[in-house]
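Note that the numbering runs from 1 along the sequence shown for the chain.
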Amino acid sequence: FFWMAALFYILMINKLPVWMKDRQPMSIKPIIFTWNVLIAVFSFYGAKNTLIRKCDSDWSEDTSFWIAAYIWSKVPEMLDTLWLILRKKNVIFLHSWHHVSVAIIMWHNGAYNPNDNLAAICMGLNYSVHTIMYSYYALSTIGIRPPYPQAITIAQISQFVLGLSVPFWEDNYPYCRSNHSITTNHRKWNRNGCSMIAFSYLVLFIHYYIKRYVVKVHQKKIDNGRCNDKKIF
């Protein structure tokens, strides 16, 4: 199912923009607003039950549910891209790479590496960021734009920095220790795969931040300066 979803996603981002080329952008603000609110609420409860959780010998039913929900949510979250394409917005590589790669690595995590504390912590971090991010998107949809949008990108970057550091402090995490008795090749591959993908996200988000909030802002100041010079002369 996850592999088929990834294949369908790749077809969508390649074929649907062609279909939309000669069509007007669709007005779907009510759908997008509802979608963002639902994901924000979903992510809030997910963060609550994965970052702070009960586990003496095993995870509680609540924790298990929200970790399973996180894994499965990576497929419907692909609709984020559909909304962009239907409104004829640009889909950047960071966006498409994230949706495809996270779906595949979550499939492997759920199938071959269950009950891994490192994965649960990283899921909780992502739930937390999504709570903030989708709340921001929901407000933006109805014309309310909170200041400092770059804070969302900074939160994303911080998430991956923390996620990559988890192996160094996971045994001291107050809400569950990792079970190091499980040392299968699948677990090792999953952890290494997650780390490599998280590192790629980190690099891409830093590049995006620099391009949008450093280079673009600097260029805007230069352009404004030229306009002021023309007014003076």
Side-chain angles (χ1 to χ4, degrees), residues 2 5-6 39-55 58-60 62-78 80 94-95 97-135 151-206 208-209:
F2 280 83
I39 297 295
V41 173
F42 167 78
S43 298
F44 172 79
Y45 283 101
K48 180 176 176 291
N49 287 283
T50 50
L51 287 179
I52 301 175
R53 58 190 186 272
K54 298 176 182 178
C55 68
D58 203 354
W59 291 345
S60 68
D62 287 341
T63 298
S64 298
F65 171 82
W66 285 102
I67 286 175
Y70 179 90
I71 292 170
W72 284 101
S73 71
K74 297 304 124 182
V75 174
E77 280 182 10
M78 291 177 175
D80 285 346
L94 167 58
H95 182 94
W97 163 244
H98 167 72
H99 281 291
V100 171
S101 59
V102 77
I104 298 305
I105 200 65
M106 283 301 105
W107 156 76
H108 191 275
N109 184 271
Y112 296 108
N113 190 24
N115 300 337
D116 185 10
N117 193 42
L118 181 149
I121 296 171
C122 291
M123 290 176 190
L125 291 172
N126 191 242
Y127 266 139
S128 301
V129 171
H130 276 198
T131 302
I132 300 169
M133 184 176 75
Y134 282 94
S135 297
I152 302 295
T153 308
I154 292 173
Q156 292 278 22
I157 292 171
S158 301
Q159 168 196 186
F160 298 119
V161 170
L162 280 172
L164 289 167
S165 72
V166 171
F168 300 103
W169 52 264
E170 60 181 308
D171 285 340
N172 296 317
Y173 190 64
Y175 304 100
C176 302
R177 293 169 62 85
S178 287
N179 186 352
H180 291 294
S181 64
I182 303 176
T183 56
T184 64
N185 287 331
H186 281 302
R187 170 159 286 191
K188 292 177 182 178
W189 190 97
N190 186 264
R191 284 192 163 211
N192 291 335
C194 285
S195 295
M196 288 187 290
I197 290 175
F199 183 74
S200 74
Y201 296 159
L202 176 62
V203 172
L204 289 170
F205 269 105
I206 291 174
Y208 174 80
Y209 182 89

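How far OH of Y209 is from CD1 of I154: 4.0 Å, rounded to the nearest 0.5 Å. To the nearest 0.5 Å, atoms OG (S195) and CG (L202) are separated by 12.0 Å. Interatomic distance, R187 CZ to D116 CG, rounded to the nearest 0.5 Å: 4.0 Å. Atom OH of residue Y208 and atom CD of residue Q156 lie 10.0 Å apart, to the nearest 0.5 angstrom. To the nearest 0.5 Å, atom OG of residue S43 and atom CG of residue N126 are 7.5 Å apart. The CE atom of M78 sits 10.0 Å away from atom NE2 of H95, with the distance rounded to the nearest 0.5 Å.
Side-chain contact between F160 and I206 is absent, with no heavy atoms from C-beta onward closer than 4.5 Å. Looking at heavy atoms from C-beta onward, F42 lies in side-chain contact with Y127 at the 4.5 angstrom threshold.
Taking all atoms of both residues into account, the shortest heavy-atom contact from E170 to I121 is CB-CD1, 4.5 Å. Of all heavy-atom pairs between V102 and Y201, the closest is N-OH, 3.4 Å. Counting all heavy atoms, side chain and backbone alike, I105 lies closest to C194 at CG1-SG, 3.5 Å. Between G110 and I71, the shortest heavy-atom contact is CA-CD1, 3.6 Å. Across every non-hydrogen atom of T50 and M123, the tightest pair is OG1-C, 4.5 Å. I197 approaches S101 most closely through the heavy-atom pair CG2-OG, 4.0 Å.
Proximity of a side-chain donor or acceptor of N192 to a complementary backbone N or O of K188 within less than 3.5 Å is detected.
With no hydrogens or angles considered, no side-chain donor-acceptor pair links Y70 and N49 at under 3.5 Å.
Relative to the ring axis of F44, K48 does not place its NZ or CZ within 45° and under 6.0 Å from the centre.
For W189, the ring pair (Phe, Tyr, Trp, His ring centres under 6.0 Å) partners two or more places apart in sequence, or in a different chain, are H108.
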Exercise. Decide side-chain contact (heavy atoms from CB on, under 4.5 Å) for L164 and F199; before the verdict, give the C-alpha distance in whole Å, the side-chain angles of both, and the deciding distance to 0.1 Å.
Key: CA-CA 7 Å; L164 289 167; F199 183 74; 4.2 Å; yes

Practice problem: Decide side-chain contact (heavy atoms from CB on, under 4.5 Å) for S128 and I132; before the verdict, give the C-alpha distance in whole Å, the side-chain angles of both, and the deciding distance to 0.1 Å. | Solution: CA-CA 7 Å; S128 301; I132 300 169; 5.9 Å; no

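Ring planes of Y173 and W169: tilted class, angle from 30 to 60°.
In this structure, Y45 places its OH atom where only 12 or fewer heavy-atom neighbours from other residues, nucleotides or ligands lie under 6.0 Å away.
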